[in-house]
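Predicted, not measured: the structure shown is a model, and the values here were computed from it. Chain letters run A, B, ... following the sequence lines, proteins first, then strands; residues in each count from 1.
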Protein chains: 2
Amino acid sequence: MNKKKSNYSEYALFHLAVDSIIFGFDEGELKLLIHKRKFEPFMGDWSLFGGFLKEEESLSDAANRILFELTGLQKIYMEELQTYGDIERDPAGRVLSVAYYALIPAHRYSEDYSKQYGATWVSLKELPDLIMDHNDMVKSALRRLRRRTASQPIGFELLPREFTIPQLQSLYEAIYQTELDKRNFRKKILSMGVLVKLEEKDMSGSRKGAFLYRFDKRKYERLIEKGYNFTI
Amino acid sequence: MNKKKSNYSEYALFHLAVDSIIFGFDEGELKLLIHKRKFEPFMGDWSLFGGFLKEEESLSDAANRILFELTGLQKIYMEELQTYGDIERDPAGRVLSVAYYALIPAHRYSEDYSKQYGATWVSLKELPDLIMDHNDMVKSALRRLRRRTASQPIGFELLPREFTIPQLQSLYEAIYQTELDKRNFRKKILSMGVLVKLEEKDMSGSRKGAFLYRFDKRKYERLIEKGYNFTI
DNA sequence: TCAAAAGTGTTGTTGATACACCCATGA
DNA sequence: TCATGGGTGTATCAACAACACTTTTGA
């Protein structure tokens, strides 16, 4: 113990996995991207997207790499959730798993992709049994998503760059599982001054059409600097 | 890859550490418990309390064990913060560290303990340089503590079981680095109905003395069930 | 008797909620 | 012309912020 530099060889070694809870928003519902596991144990069972940390990469690099390898997605909002470290969580060996949750604009994830990568969107309300502790991870991610969305504008990550106010409201309603008054919602979200109204309308949702807006990240960041607190 | 059960032997192995950011509250200030590291590398430098995960223990068990071994403290509020996984964070080898933050009532940590374990309380305002990424961990823990304290009654973990309203207020002022109006603070905290007023007074802080209160966890939990949201 | 901290109410302002009708358009 | 979702304003209520004086007691 008195060497100038220790290589810690007396301490135990562990496998480290990264699992991602991938949220999307489509058809007015909050969804999760899952797939059928491709290796043992639990091959063929429903699972989150995960993989193992490599020697030469940082944890966050691993999270991004694994998301990319399994879904083809890049530059995605991700946040670390928690590390799962129970001894018996994986019957095939001691593996700790760092859970990340990711928000992707569902429109960016086409059918083609989905087939190519064997990925499936499932509604959170009809979530099947997932392997190991993955259902716990989802629960925890959902709690975190709710807390975060209430105080930071990460909801926009789930929408296309241009979106309508009714779309945004429906997203918040899906996240919180509650109905919101559209007048009050519009008033509040617009009063923050972080949305830019465009000239165009989105005609897909109604006869009348709804104006498109864009989230102004710069304005938002200026507000944050001044101590503004984004809340719904 | 087609074995019925894999032992993942093809994947890399890592050392896993746990580091704890230990907050205390004393003399109207938020403090951190640190010590001088006892092994290389960085022996003798200021460090958080940390240790290595063992083969036969879960991550949360490790966090509690390490806190106990290094400080003698048990049954302490702890929450996982984040896992630090940069490649070069420890020059002596690839080690990932799971950071936990802990809240201890400083009065429970006597001078004797402090000497026995070589631990020192330092004010957050005069925090020295800590080893590796430990200063980042502290920053992150402080952010988390502020968010948490605003929405959950974890502040009480930093006070003795019986405390006065002015003490509680001074705790919140220390956490948020701001001054609060004592009439408004008292009104708000009492209106939640989770404090029980005792007959006794604490005479140590003033001539007049201040009534002691106790946090009623059961009442609080009943409120939470009903969807109540604790906020300062 | 004085210094020092504890304790107490009211008012104005702001933000949250509740609520109902007209508008634009494609079919 | 009608069915559908988009868009708008006001009134009430609750929560928050600002603010100054009296009380108790040990020294």
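Not a single donor-acceptor pair, N or O on each side, falls under 3.5 Å between the base of dA24(C) and the side chain of K208(A). For K187(B) against dT10(C), a side-chain N or O and a base N or O form a donor-acceptor pair under 3.5 Å. No hydrogens or angles were tested; on distance alone, nothing pairs the side chain of R183(B) with the base of dA17(D) as donor and acceptor under 3.5 Å. The base of dG7(D) sits within donor-acceptor range of the side chain of K182(A), with an N or O pair under 3.5 Å.
Regarding D202(A), its CG atom lies at a distance of 14 Å from the P atom of dT25(C), rounded to whole Å. In this structure, the CG atom of N229(B) is 15 Å from the C1' atom of dA16(C), given to the nearest Å. The interatomic distance linking L190(A) (CG) with dG9(D) (P) rounds to 12 Å, in whole Å. Atom NZ of K201(B) is separated from atom C1' of dA5(C) by 11 Å (rounded to the nearest Å). The distance from atom CD1 of I165(A) to atom P of dG6(D) is 11 Å, rounded to the nearest whole Å. Following rounding to the nearest Å, Q169(A) (CD) and dT8(D) (P) show an atom-to-atom distance of 13 Å. When rounded to the nearest whole Å, the span between CG of L212(B) and P of dA6(C) equals 12 Å. For E179(B) and dC19(D), the CD to C1' distance is 15 Å, given to the nearest whole Å.
The side chain of K188(B) places an N or O atom within less than 4.0 Å of a non-bridging phosphate oxygen (OP1 or OP2) of dC16(D).
Judged by distance alone, the side chains of S97(B) and D19(B) do bring a donor and an acceptor atom under 3.5 Å apart.
Side-chain atoms of K201(A) come within 3.5 Å of backbone N or O of K208(A) as a donor-acceptor pair.
Closest approach to the R186(B) side chain among dG7(D), dA3(D), dA6(C) is made by dA6(C) (side chain taken as heavy atoms from C-beta onward). Listed candidates were dT8(D), dA18(D), dT25(C). Nearest to the side chain of N184(B) is dA18(D).
When each of S206(A) and D181(A) is assigned the nucleotide of DNA chain D bearing its nearest heavy atom, the one mapping closer to the 5' terminus is S206(A). Where M203(A) and T164(B) meet DNA chain C, the nucleotide closest to each residue was compared, and T164(B) sits on the side nearer the 5' end.
Aromatic ring centres of H35(A) and F49(A): separated by under 6.0 Å.
Using a cut-off of 4.0 Å between Lys/Arg side-chain N and Asp/Glu carboxylate O, D133(A) and R89(A) are scored as salt-bridged.
Ring-plane geometry between F156(A) and F230(A) is classed as perpendicular, the angle between the planes exceeding 60 degrees on a 0 to 90 degree scale with a lower cut at 30.
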